Amino acid sequence: MSKFTWRDLLQLNDKEKAWNSKLSCIGHIDMNAFFAQVDQVRYGLSTTDPVVSVQWSSIIAVSYEARKYGISRMDTLESARTKCASLVPVHTATFKKGNRNWISTPLGEFPTPFDHKVSLDPYRREGRKVLQILQKNCDLVQKASVDEAFLDLGRLIFNLLINEKTNNLLNDEQLSSLNELREIYNSGDNSMDNFLPNIPSFSHSIFPPIGNIIKQNDNDELIYEDWDDLVIALGSILTNMIRNTIYKETKFFTSCGVSSTKSLSKIASDFKKPDTQTIIFNKFINKFLDNGSFELTDFWTLGGNKGKEVMDILECPKFDKQSIKYIREKWPELIFLQTEMKERYTDLTIFQKFTFPLKDCDAMSLKIYQLVRGNWKEPVNSKPLVKSMMANKNMRGDSCKDFADCMSWLQVFAGELELRIHDLQEETKKLLIPKTISVSIRSDNRSSIHSKSGPFVIGNASITRDEFFQLILDSAKPLIKELDLVYKDTVYPLTGLSLGLSNFEIIGKGSTIIDMFKKPKKVRTEEFEEIKLEPVEEKQNNKKRKTFFDNNESKICNRCGEKFNDERQLLEHKDYHYALDLSIGINGIKEHKDLVNMDNLDLMTRRRLNEKGNDESKSNTKNKTITEFFTPKK
DNA sequence: TACTCACAG
DNA sequence: GGCTGTGAGTA
């Protein structure tokens, strides 16, 4: 007889409950050396090229090929080159000061930080591509960062076990082995508290797991004893398929962890890289935690001061990587851990200030108690598309020495944010309306950061892209002006400047114009008067303008008629026209054709010419075509 | 709401 | 070490 009930199994079929089921199965997928992989694919390089992604002179990602030469993220570009003569460094895309669009940096070129700003957009886009593949294949996905995500595999597994229609995923032997379970389920004799039948005999050979299996001893035969084993094994089969799909569609390698909880899966995905998934069956959790040479501080959220403090409070042995085992064995019951933790906290607090208050001790103890047993369960939450967006640059020298410099960098930042919001809207067919804007400045003089934020108000739904850009800039101006007034004597030259939009409201395309103007909590009548909605009829007859929130724009170059899949490509293409215009007369290139389809030359030439053309490059986002986003509401 | 800080990749 | 991002505390 199984120790699991039908309730446990049925919970898998419920998005709200699956994470907390005794049979829960969570996957964590992580892209290996992500930026380097993106650059390798983007630049058509081979997987055997030792690629590193570079930002100024530091390395921000090291491909696994480059790691073979002992190169790490700590290396500078210089030191990496001495380790590997055939190194292929790829610099991130950049905005040139005064430019509204980023461009890819040609191989072998290294822009200077004094008049460029890094763009991470290429990485974000590829990250989103992968996220979309995940979402297509799994109904509950949580993006954890640009290159990692959690999957709640509950429904997928439930369907494999119970549903007939499983897309040929299971073979006849596997199907028939599940007959007993399905019969009970279909007979309706599956009262919640009834125990599940035994797992099919030999199910470990009928459903072999895929990946790096953690076992008590490496040579042990793996035997499934109950449904949780089978569930985790099915999870590994699913994540393997999903990862194969990612590879097929993007050529990206991933690593993955499969287990019953998010925190375990996260550690597991990191355990063996690249291109490997690690499977933690429930019965081997302790073995994994104790012998994987993990510390308490390896758990998510305990990597900083908080983790160190807990280690101190609990007087964990240092340096022998046994803190997890130590805590688990020393406090076999929660109540012991909780009392002792509070006692020691109070004793120590005389000498030491902690990052968490005494009242949180019980909660913290509970979390630690569960974590060291692999029992700490958290839901997989699909996160909103975006919560905030920031453009930031660390300044050096006199890059930003007065108010005027601030404004010209803010122009770059505003351009970047407008571009990112616009691209994201295009991609998702959603409206993204930020409600607050903030700027911050940093300087070494006062070694501190000052920031100022305020409401961001879009007064008009048919705002164009250029107007939206201008609005960001205009909204940022008084904020930075105020910071300038208060701190001007001490902060310049700045060591950092940033501009952020946050509090995004995300609106589906079906929404009406009314949604644009969420009533502020406190409405003063004058303000409300001012925000007048354009009468719908009038709008239709209006002179046509392409609005910022328009998704259906044409993507045809008005110079040569070439068609593009998305706006981004069109912009880059126009960038190219601009460069080409300059080039006539510089190096005698006359024909558009000369450069078409010669991507590298195109890029290089554009780049070189852009430099010569200096800052005169105008925004290419003039809006000529039409169609309103909003359709009149019946 | 405004600002700061911790944590993470 | 640079560039992002989220969440929580404080007032």
Side-chain angles (χ1 to χ4, degrees), chain A residues 28-36 38 53-62 72-77 79 91-95 102 111 113 116-124 127-128 142-149 263 266-267 269-270 273 297-309 353-357 359-360 363 378 381 383-396 399 409 412-413 416-417 420 435-442 447-457 479 482-483 486 495-504 520-522:
Chain A
H28 180 259
I29 291 185
D30 194 311
M31 317 251 238
N32 313 131
F34 182 51
F35 287 13
V38 171
S53 301
V54 171
Q55 158 179 301
W56 315 138
S57 58
S58 36
I59 290 175
I60 55 175
V62 187
S72 82
R73 288 206 323 170
M74 291 299 116
D75 282 295
T76 61
L77 181 52
S79 64
H91 197 280
T92 62
T94 55
F95 295 89
W102 53 262
H116 289 81
K117 183 195 177 307
V118 163
S119 168
L120 301 179
D121 238 36
Y123 310 120
R124 289 192 200 100
R128 268 185 255 130
Q142 177 179 344
K143 176 181 164 175
S145 76
V146 67
D147 68 345
E148 55 177 318
S263 76
K266 169 125 173 101
I267 295 184
S269 71
D270 205 45
K273 299 194 286 192
T297 46
D298 291 327
F299 287 117
W300 205 65
T301 68
L302 296 180
N305 282 332
K306 207 173 248 156
K308 281 188 207 120
E309 286 172 7
K353 196 87 185 114
F354 293 109
T355 56
F356 59 98
K359 70 173 168 53
D360 288 354
E378 286 166 301
N381 294 316
K383 288 272 165 43
L385 193 61
V386 56
K387 291 198 160 171
S388 68
M389 225 182 243
M390 182 177 51
N392 173 74
K393 180 170 168 56
N394 289 2
M395 303 293 176
R396 30 198 105 188
S399 288
W409 279 117
V412 176
F413 296 176
E416 172 173 10
L417 294 176
R420 283 175 58 188
K435 294 287 163 52
T436 62
I437 182 168
S438 64
V439 298
S440 84
I441 58 176
R442 182 163 50 88
S447 124
S448 60
I449 295 173
H450 306 285
S451 72
K452 190 87 195 144
S453 56
F456 182 78
V457 183
L479 300 177
E482 190 171 326
L483 290 177
V486 177
T495 55
L497 179 66
S498 77
L499 172 61
L501 295 171
S502 53
N503 258 323
F504 274 92
K521 292 244 165 72
K522 289 170 227 155

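Please read all numbers here as calculations on a predicted model, not as lab measurements. Throughout, a chain's letter reflects where its sequence line sits, starting with A, and its residues are numbered from 1.
- Here C/dG2 presents its P atom at 17 Å from OH of A/Tyr123, a figure rounded to the nearest Å.
- The interatomic distance linking A/Lys435 (NZ) with B/dT1 (P) rounds to 10 Å, in whole Å.
- Remark: A/Leu479 engages A/Ile437, A/Val439, A/Lys452 in a side-chain contact (heavy atoms from CB on, under 4.5 Å) (not counting sequence neighbours).
- For A/Glu148 and B/dA8, the CD to P distance is 11 Å, given to the nearest whole Å.
- Spacing between atom NZ of A/Lys353 and atom P of B/dC5 amounts to 16 Å, rounded to whole angstrom units.
- In this structure, A/Asn305 places its CG atom 16 Å from C1' of B/dT4, rounding to the nearest Å.
- Contact check for A/Val118 versus A/Trp56: side-chain heavy atoms found under the 4.5 Å cut-off.
- At the heavy-atom level, A/Lys266 lies under 4.0 Å from the strands shown only through sugar-phosphate atoms.
- Residue contacts shown for A/Pro455 are limited to sugar-phosphate atoms, with no base heavy atom under 4.0 Å away.
- Legend: residues meeting ring pair (Phe, Tyr, Trp, His ring centres under 6.0 Å) with A/Phe413, ordered by chain and number and at least two apart, are absent.
- With sequence neighbours excluded, the residues forming a side-chain contact (heavy atoms from CB on, under 4.5 Å) with A/Ser72 are A/Met74, A/Asp75, listed by chain and number.
- Counting any heavy atom pair closer than 4.0 Å across all strands shown, A/Ser453 reaches sugar-phosphate atoms only and no base atom.
- The side-chain contact (heavy atoms from CB on, under 4.5 Å) check on A/Ser388 picks up A/Ser502, with sequence neighbours excluded.
- When rounded to the nearest whole Å, the span between CZ of A/Phe35 and P of B/dG9 equals 13 Å.
- Phosphate contact (OP1/OP2 of B/dC3, side-chain N/O of A/Lys452, threshold under 4.0 Å): present.
- Counting non-hydrogen atoms under 4.0 angstrom, A/Ile60 reaches a base of the nucleic acid.
- Under the ring pair (Phe, Tyr, Trp, His ring centres under 6.0 Å) criterion, A/Phe299 pairs with no residue at all, not counting sequence neighbours.
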Heavy-atom protein contacts under 4.0 Å, nucleotides 3-11 of chain C, coded B base, S sugar-phosphate only, - none
SSSSS----
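- Straight-line distance from the CG atom of A/Leu77 to the C1' atom of C/dG1: 14 Å, rounded to whole Å.
- Using a 4.0 Å heavy-atom cutoff across all strands shown, A/Gly454 reaches sugar-phosphate atoms only and no base atom.
- Between the side chain of A/Trp102 and the backbone N or O of A/Thr92, no donor-acceptor pair lies under 3.5 Å.
- At whole-Å resolution of the value, CZ in A/Phe356 and C1' in B/dC7 are 15 Å apart.
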